[in-house]
Amino acid sequence: MSKSTAASNGQNLWAKIPKANAELFALTYGALVTEVMRDADGNAHEVNEQLEKIGYSIGIRSVDEFLAKSNAPYCKSLEDTAQVVGKTAFRMFLGINCDVQQHSPTNFSLILQENPLSLFVELPENYKETLQYTILYCGVIRGAMEMLNYKVECSLVKSTLRGDDVDEIKVDLKQVLQDGAGDDYKEE
Amino acid sequence: PHMSNQVLLFLIVGKNEPLYEAEIHKRGSTGNSDAVARQSYFVLHSSLDLVEKSAWVTQNMYLKVVDKVNQQYVSTFLTAGNIKFVLLHPGRNEESIKNFFYDVHELYVKLSMNPFYHYDTPITSKEFDKRVKAVARRYLS
């Protein structure tokens, strides 16, 4: 899919989709993170894991909504998919403009200049290096891609909450899964 | 001879304890001795009862001067959540102090939106401290 149509598609979808208040969105996520922290007794690695799992749940569902609403054309390669994820999907769901950097045929990064989830957030000193506050995005991408038969590993490599100037999500393709029912459904 | 106080003391006081404090030095001042600093804290804390009284008299958050000791005044600002901003200062300059309080209040509201900051707890954010001091330099020094 050409870069410009992915972006304009995203813009049109964002215009049509029902919106939520940005502050309410950020504060709700903040409350969620606080609860997860309480459950995990402040263990940052456990919190990261939980948030990623929550993101995964969101991703596997959002992808259906996205495909239904966006009418995005068939992607012939990971490069196309990267453009659709970064320019169309992120624009449609979050209203933000992402930069897509293709590092290799199996590896790309999304650069976020603004991050709606981290509005008002300042990480306490003892969590600055360990808590990946917006790791939710990584889970969402991982879940959505899995529904499209791409098994990926996603990580937050740059974060404005840690002092970087942008947020960067790196997506690494590990395996292209075969279509068909999972092992549970295999005949004995 | 009484040393004219060139240092302002700003405190944010919660229900039970001070949550934040900052010393604001007027340009050219050399700072306070320990004894004067202790006296300043005493003056501020003893005026807290008067703050409660003033709060019932007006609907405004800015309560102006609530107490006067020696040559110093205590001005207060009460947030919607009943957190008290108190400032010990020489001389009356209502406009600057009111502006100072309102700007600090904005910073305080932003801080309270941080999911990691809990209401009525000590404020440890370095960003907050930096910004409050910048506001102080702008209006009070």
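The chains referred to below are lettered A, B, ... by the order of the sequence lines, with proteins before strands, and numbering in each begins at 1. Just the heavy atoms: all of them, side chains too, but no hydrogens, waters or symmetry mates, feed the values below.
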| query | Does any non-hydrogen side-chain atom of A:V121 lie less than 4.5 Å from one of B:P115? | reply | yes

| message | Can you confirm whether more than 12 heavy atoms, excluding those of A:N126, are under 6.0 Å from its CG atom? | response | yes

| said: With a strict 4.5 Å heavy-atom criterion, list every residue of residues 51-59 of chain A that contacts chain B, or say none. | reply: none

| Within a radius of less than 6.0 Å around NZ of B:K130, do more than 12 heavy atoms belonging to other residues, nucleotides or ligands occur? | no

| task | Measure across B:K126 and A:E122 and return the closest heavy-atom pair with its distance rounded to 0.1 Å. | result | N-OE2, 4.3 Å

| Contact listing (chain B partner; residues 134-143 of chain A; heavy atom under 4.5 Å) | none

| field | Joint cluster assignment, A:M145 & A:L67, ILVMFWY side-chain distance < 4.5 Å | value | yes

| said: Under 4.5 Å between side-chain heavy atoms, counting indirect links through other Ile/Leu/Val/Met/Phe/Trp/Tyr residues: same cluster for B:Y73 and B:L63 or not? | reply: no

| message | Can you confirm whether B:E106 is buried at CD, in the sense that more than 12 heavy atoms of other residues, nucleotides or ligands lie under 6.0 Å from that atom? | response | no

| request: Determine whether B:Y119 and B:I12 fall in the same hydrophobic cluster, where Ile, Leu, Val, Met, Phe, Trp and Tyr are linked whenever their side-chain heavy atoms lie under 4.5 Å apart. | output: yes

| message | For the CZ atom on B:F42, are there more than 12 heavy atoms of other groups (residues, nucleotides or ligands in this structure) within a distance under 6.0 Å? | response | no

| field | Close side-chain approach of B:F116 to A:F120, heavy-atom, < 4.5 Å | value | no

| Would a hydrophobic clustering, with Ile, Leu, Val, Met, Phe, Trp and Tyr connected at side-chain separations under 4.5 Å, put B:Y139 with B:Y102? | yes

| field | B:H118/A:T34 under side chain to side chain contact (heavy atoms under 4.5 Å, CB included): CA gap, chis, key distance, verdict | value | CA-CA 10 Å; B:H118 304 293; A:T34 309; 4.2 Å; yes

| query | Heavy-atom count around B:K53 NZ within 6.0 Å, excluding the residue itself: above 12? | reply | no

| Which bit of A:L131 comes within less than 4.5 Å of chain B, counting heavy atoms only: side chain, backbone, both or neither? | side chain

| Is the NZ atom of B:K15 crowded by more than 12 outside heavy atoms at less than 6.0 Å? | yes

| said: Do A:I96 and A:I169 land in one hydrophobic cluster if side-chain heavy atoms of ILVMFWY residues count as linked below 4.5 Å? | reply: yes

